[in-house]
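The analysis underlying the following values was restricted to heavy atoms, covering all of them including side chains, and did not include hydrogens, waters or symmetry mates. What you see is a predicted model; the values in this text were computed from it and never measured.
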Amino acid sequence: MDITRGIGKYVTSSNIENFPPEAVEAAKGAIMDCLACMVAGSREELADILCGYVAGECSNPAASVVGRGFRTSAANAALVNGAMAHALDYDDITQITKTHPTAVLLPAALAVAEETGATGHDMLLGYMTGFEVACAVGEALSEAYYDDLGWHPTGPLGALGAAAAASKIMGLEPDRTAMAISLAASQASGLRQNFGTMTKPFHAGDAARAGVAASRLVREGFTASQDALEGRFGFLRAFSGGQGFNPAGIVENLASRCYLVESGIEVKKYPCCGSAHLALDATFDLLAEGTIDPETVEKIEVMVDFDPPRSLIHSRPESSLEGKFSMQYCLAAALLDLRVGLNSFSDEQVMRPSAQSLIPRIDMRRIPGNEGKPSWTEGYNEVDVYLADGTVLRRQAQRANSGALRGVSMQDIREKFRDCASLCLPDATTAEVLSRLDHLEAAEPISGLTELLRC
């Protein structure tokens, strides 16, 4: 079963005309959204540390670090840009793989496109190709990979997708593309236990770096196996805990399906872990009907579509990063501030007495009857707010399960971009960047866009 080789052939032969217009539009929206997150993330402490790290290395200044005013090697640019894109946990997710796809794929594709003098069209196609590869492989993994084994799916699957994207833009032949994916598979990593620290966004950056490095090394003659996905000691078995994986159909699915439409791009409305978003939607629906005085709240019960804690591992957060992975803090912030935005997550906001008082009154549990089942068996969350006078306020929120771009419009994404860009880009530059992104498939060198984004 030549899966890795088959993927190599798919990557080489992929063409943007093979994708429906809906998928192309969603990919452009995802790229715009991810660049917004990258620009905003460039102001985080994580960015300061990583920029200092790569600046201390002797590297060819071939690719831009967004929002930081300098260029470095393509691999290092992918590392920093990927980590910045995921730093605020404001970047997109996709249903089939439960990953943050664009925070890995775009930094890899952007760096390689700039280094090689490729066009926006080339970068867009590389991104879309990498997305399909990551989803096809991710669908074949066991349920244990997502629920039980501790892996952060964005890292391992992102590394494979990044290698596919980089190889496509570099123009590698099928066998070398297969080797690049195999080499990336040996670098794939990321542990959920690091959620709530700088290491979680590092997973995205390191996966992007791994894909770029793998493709560049193979291009220069470095060798790897061409069966590292399906082999006896390969990726599928290793990341599935040795059982429950199903490699049959991966290559066929790449030829017959479009994961960009089937899995979709879910653009985030809140800069925190996506596992809290449906509950936040339900909470804001309640708040739209009338103010809820936090002092009158006796308890809040949140029923979710996964077995807690999964990603939301901090029930008693004490820092801004832990707050992003706390259902309790996210809902407390929504009730206290009537919004959850970029300013919601600071150490001071998380530790303020009003939030710390409300947090212990919020309990999260699985939807009754679904305990122990795979994540997202039921695509809804329910929030029940119990008030001191005996009133119970109840609201459900459903997950969007169809379409390539889910939960938002392109106009929503543009507004999010303007908000994030206001942290470091002049208004005129923001307008020019948005114009270029609207016409990304045009055959213009990507360097014009990266120069604007470099600030």
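Between I413 and L405 there is a side-chain heavy-atom pair separated by less than 4.5 Å. P174 has its side chain out of reach of R5: every pair of non-hydrogen atoms, C-beta onward, lies at least 4.5 Å apart. Two residues are said to be in side-chain contact when any heavy atoms from C-beta on lie closer than 4.5 Å; T97 and Y259 fail this criterion. Between F345 and P271 the shortest side-chain heavy-atom distance falls below 4.5 Å. Considering only heavy atoms from C-beta on, C273 stays 4.5 Å or farther from K324 through its side chain. Inter-residue side-chain proximity for R216 and E115 is flagged as met; some heavy-atom pair is nearer than 4.5 Å. In this structure, the side chains of H203 and T154 stay at 4.5 Å or more apart for every pair of heavy atoms. Counting only heavy atoms from C-beta outward, the side chains of L172 and T12 never approach each other to under 4.5 Å.
Remark: side-chain polar atoms of K200 are not paired, donor with acceptor, to backbone N or O of D89 under 3.5 angstrom. Not one N or O on the side chain of E301 forms a donor-acceptor pair closer than 3.5 Å with the backbone of D384. Side-chain atoms of N81 come within 3.5 Å of backbone atoms of S64 as a donor-acceptor pair (strictly under, hydrogens ignored). A donor-acceptor pair is defined here as one N or O able to donate and one able to accept, closer than 3.5 Å; such a pair exists between the side chain of S13 and the backbone of K9. A donor-acceptor contact shorter than 3.5 Å is absent between the side chain of T283 and the backbone of L331. When atom types are taken as modelled, the side chain of R209 and the backbone of A75 share no donor-acceptor pair closer than 3.5 angstrom. Here the side chain of S142 pairs no donor or acceptor atom with the backbone of G244 at under 3.5 angstrom. Of the possible polar contacts, one joining the T94 side chain to the G264 backbone as a donor-acceptor pair under 3.5 Å is found. Here the side chain of S263 pairs a donor or acceptor atom with the backbone of Q95 at under 3.5 angstrom. Side-chain N or O atoms of Y145 include none that pairs as donor or acceptor with a backbone N or O of F245 at under 3.5 Å.
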Run the side-chain contact (heavy atoms from CB on, under 4.5 Å) check on V137 and I7 step by step: do they pass?
CA-CA 10 Å; V137 176; I7 292 174; 3.9 Å; yes
Run Y146 and R310 through side-chain contact (heavy atoms from CB on, under 4.5 Å) and show every step you take.
CA-CA 9 Å; Y146 297 102; R310 202 179 71 168; over 6 Å; no
Intermediate values then yes/no, side-chain contact (heavy atoms from CB on, under 4.5 Å), V65 and L50
CA-CA 11 Å; V65 176; L50 285 173; over 6 Å; no
Could you walk me through whether K28 and L437 satisfy the side-chain contact (heavy atoms from CB on, under 4.5 Å) test, starting with their C-alpha distance in whole Å, then the side-chain angles of each, then the deciding distance to 0.1 Å, before giving a yes or no?
CA-CA 7 Å; K28 290 169 63 178; L437 291 173; over 6 Å; no
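Note: H100 and H152 have perpendicular aromatic rings, judged against thresholds of 30 and 60 degrees for the angle between ring planes. Using a 30° and 60° split on the angle between ring planes, F325 and F195 fall in the tilted class, from 30° to 60°.
The environment of R366 atom CZ is dense: over 12 non-hydrogen atoms of other residues, nucleotides or ligands sit within 6.0 angstrom. In this structure, Q349 places its CD atom where more than 12 heavy-atom neighbours from other residues, nucleotides or ligands lie under 6.0 Å away. Counting non-hydrogen atoms of other residues, nucleotides and ligands closer than 6.0 Å to CD of Q243 gives a total of 12 or fewer. Heavy atoms from other residues, nucleotides or ligands lying under 6.0 Å from OH of Y53 number 12 at most. The number of heavy atoms from other shown groups lying within 6.0 Å of CD (E143) does not exceed 12.
The minimum heavy-atom distance linking P247 with L236 is given by the pair CB-CD1, 3.6 Å. Across every non-hydrogen atom of A184 and A163, the tightest pair is CB-CB, 3.7 Å. A63 approaches A77 most closely through the heavy-atom pair CB-CB, 3.7 Å. The heavy-atom pair separating Y329 from G323 by the smallest distance is CD2-O, 3.8 Å. What you find for A118 and I169 is that their closest heavy atoms are CB-CG2, 3.9 Å. Residues V80 and C51 come closest through the heavy atom pair CG1-SG, 4.0 Å.
Distance check, rounded to the nearest 0.5 Å: CD1 of I300 to CG of D363 gives 10.5 Å. The OG atom of S167 sits 11.0 Å away from atom CZ of R176, with the distance rounded to the nearest 0.5 Å. Expressed to the nearest 0.5 Å, how far CD1 of I96 lies from CG of L157 amounts to 11.5 Å. A distance of 10.5 Å separates NZ in K373 from CG in D307, rounded to the nearest 0.5 Å. Atoms SG and CE, from C34 and M84 in turn, are 10.0 Å apart once rounded to the nearest 0.5 Å. Residue C330 holds its SG atom at 7.5 Å from NE2 of H277, rounded to the nearest 0.5 Å.
Taking the ring centre of Y90 as origin, the terminal cationic atom of K416 falls inside the region bounded by 6.0 Å and 45° from the ring axis.
Taking 4.0 Å as the cut-off between side-chain N and carboxylate O, R68 and D48 count as a salt-bridged pair.
Inspection of the E230 and T4 side chains reveals an N or O donor paired with an N or O acceptor under 3.5 Å. Between the side chains of E132 and Y10, no donor-acceptor pair of N or O atoms lies under 3.5 Å. Y380 and D281 share no donor-acceptor pair across their side chains, judged by distance under 3.5 Å alone.
Taking the six-membered ring for Trp, F19 and F131 have ring centres at least 6.0 Å apart.
Tested against D33, the residues V408, D412, V267 include a single side chain to side chain contact (heavy atoms under 4.5 Å, CB included) partner, V267.
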